[in-house]
Amino acid sequence: VRQNMLEKLPLSLNKNEKLKELRVDDNKLIELHKDLSNLAHLHTFSVTKNQILVMPVDIGLCEHLATFEVSENPWKSPPPEIMSLPGKEILAYLRKHLKARKTNKLTLDAHNLVNFPPEILNLHALKLLSLKQNFLTEIPDEIAVLSQLEVLHLDDNKLPSLPDSVYQTAS
């Protein structure tokens, strides 16, 4: 369904468990539904040249996904520095978030992160967060939503200061 004017994908698409290839490049898509992860046999997913801001972490549940093309979108989450990586590395990043939902531990050391990944703020039960050896210049005040956080590693970044909420979270 490439080169059309689609602004959204029909929700019924998420129920097609036999779908193996989905190419919706060069449309006007602005969002992807997290239930795309129901496409258990999907091996090719391409959404280049759209207007998508957020890649649902649940896409990482598509175990058979081999071709994952996402370039030329104005990504906000995950951050552009992640979304510009090869597809397999993006999937690995998404799968780390999925694993963190179970383990309450997320390590994103040396991922060349410039911006704090906003999807981390959805991991409310997180106990350990490691963002060492990145290029972060700011930690958002919203980190306070991680009220269960016990360990926060921010070594070797470019942080000029930390928000007060970091100290409130840690106490």
Side-chain angles (χ1 to χ4, degrees), residues 1-3 6-136 140 143 146 153-154 157:
V1 200
R2 293 189 233 179
Q3 298 178 331
L6 295 177
E7 292 182 7
K8 62 182 179 177
L9 297 174
L11 288 177
S12 59
L13 178 71
N14 304 333
K15 296 176 181 155
N16 185 342
E17 294 179 14
K18 295 181 181 179
L19 189 66
K20 292 184 178 182
E21 186 171 319
L22 179 58
R23 294 183 182 273
V24 288
D25 307 301
D26 206 2
N27 274 285
K28 304 284 182 207
L29 296 174
I30 55 173
E31 68 179 344
L32 296 173
H33 199 273
K34 70 176 189 142
D35 286 346
L36 283 171
S37 63
N38 293 339
L39 302 175
H41 297 286
L42 194 66
H43 69 77
T44 299
F45 184 42
S46 184
V47 293
T48 63
K49 297 182 184 176
N50 280 285
Q51 297 302 311
I52 306 166
L53 298 174
V54 177
M55 174 61 67
V57 171
D58 290 5
I59 296 294
L61 292 170
C62 295
E63 295 176 11
H64 300 289
L65 207 48
T67 303
F68 187 55
E69 299 166 345
V70 300
S71 64
E72 298 183 59
N73 281 285
W75 298 111
K76 297 285 183 206
S77 175
E81 53 269 27
I82 297 298
M83 296 307 287
S84 64
L85 294 171
K88 289 183 192 248
E89 291 181 45
I90 297 169
L91 287 169
Y93 176 89
L94 297 175
R95 289 173 180 148
K96 282 185 180 188
H97 281 269
L98 292 168
K99 183 177 178 186
R101 289 180 184 170
K102 295 177 183 174
T103 65
N104 297 321
K105 298 176 183 179
L106 180 61
T107 300
L108 297 174
D109 298 341
H111 273 67
N112 294 317
L113 294 170
V114 175
N115 300 298
F116 185 89
E119 57 278 5
I120 291 173
L121 300 175
N122 295 326
L123 298 169
H124 298 285
L126 206 58
K127 293 185 182 214
L128 179 142
L129 174 59
S130 186
L131 296 167
K132 296 187 282 188
Q133 299 173 335
N134 282 292
F135 300 96
L136 298 173
I143 196 168
L146 303 179
H153 294 294
L154 296 170
N157 275 284

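Atom set for the values below is all heavy atoms of this structure, side chains included, hydrogens, waters and symmetry mates excluded. These figures come from a predicted structure and were not determined experimentally.
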For [Y], is there any backbone N or O sitting under 3.5 Å from a side-chain donor or acceptor partner on [X]?
X    : Y    : result
N157 : L113 : no
N104 : K127 : no
N115 : P80  : no
N134 : K132 : yes

Specify the closest pair of heavy atoms between [X] and [Y], including all atoms of both residues, with the distance to one decimal.
X    : Y    : answer
N73  : I52  : OD1-N, 3.1 Å
S37  : C62  : CA-SG, 3.7 Å
L42  : E21  : CD1-N, 3.8 Å
P117 : Y93  : CB-OH, 3.1 Å
L121 : I143 : CD2-CA, 3.8 Å
M55  : V70  : CE-CG1, 3.7 Å

If you look only at pairs with a residue in [range], which of them pass as a salt bridge (Lys or Arg N to Asp or Glu O under 4.0 Å), with sequence neighbours excluded?
range            : result
residues 56-83   : R23-E69, D58-R101
residues 31-48   : none
residues 90-100  : none
residues 112-121 : none

To the closest 0.5 Å, what do you measure between [atom1] ([X]) and [atom2] ([Y])?
X   : Y   : atom1 : atom2 : result
T48 : D25 : OG1   : CG    : 3.0 Å
N50 : L32 : CG    : CG    : 8.0 Å
L6  : K8  : CG    : NZ    : 11.0 Å

Exercise for the section: Can you sort out the partners of S130 under side-chain hydrogen bond (donor to acceptor under 3.5 Å, both in side chains), two or more places apart, ordered by chain and number? Expected result: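 Once residues adjacent in sequence are excluded, the partners of S130 under the side-chain hydrogen bond (donor to acceptor under 3.5 Å, both in side chains) criterion are D109.
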S84: partners by side-chain hydrogen bond (donor to acceptor under 3.5 Å, both in side chains), with sequence neighbours left out:
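With neighbours one apart ignored, the set is empty.
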field: Set of residues satisfying ring pair (Phe, Tyr, Trp, His ring centres under 6.0 Å) with respect to F68, sequence neighbours excluded
entry: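 Here no residue qualifies.
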Quiz item: Among all residues two or more places apart in sequence or in another chain, which pass the ring pair (Phe, Tyr, Trp, His ring centres under 6.0 Å) test with H111?
Solution: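 Expected list: none.
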Who pairs with [X] by side-chain contact (heavy atoms from CB on, under 4.5 Å), at least two apart in sequence or on another chain?
X    : answer
D26  : Q3, K49
P140 : F116, E142
K105 : T103, L128

What side-chain donor-acceptor pairs closer than 3.5 Å can you find for residues 13-20, not counting sequence neighbours?
| residue | atom | partner | partner atom | Å |
| --- | --- | --- | --- | --- |
| N14 | ND2 | L11 | O | 3.4 |
| N16 | OD1 | K18 | N | 3.2 |
| N16 | OD1 | L19 | N | 3.2 |

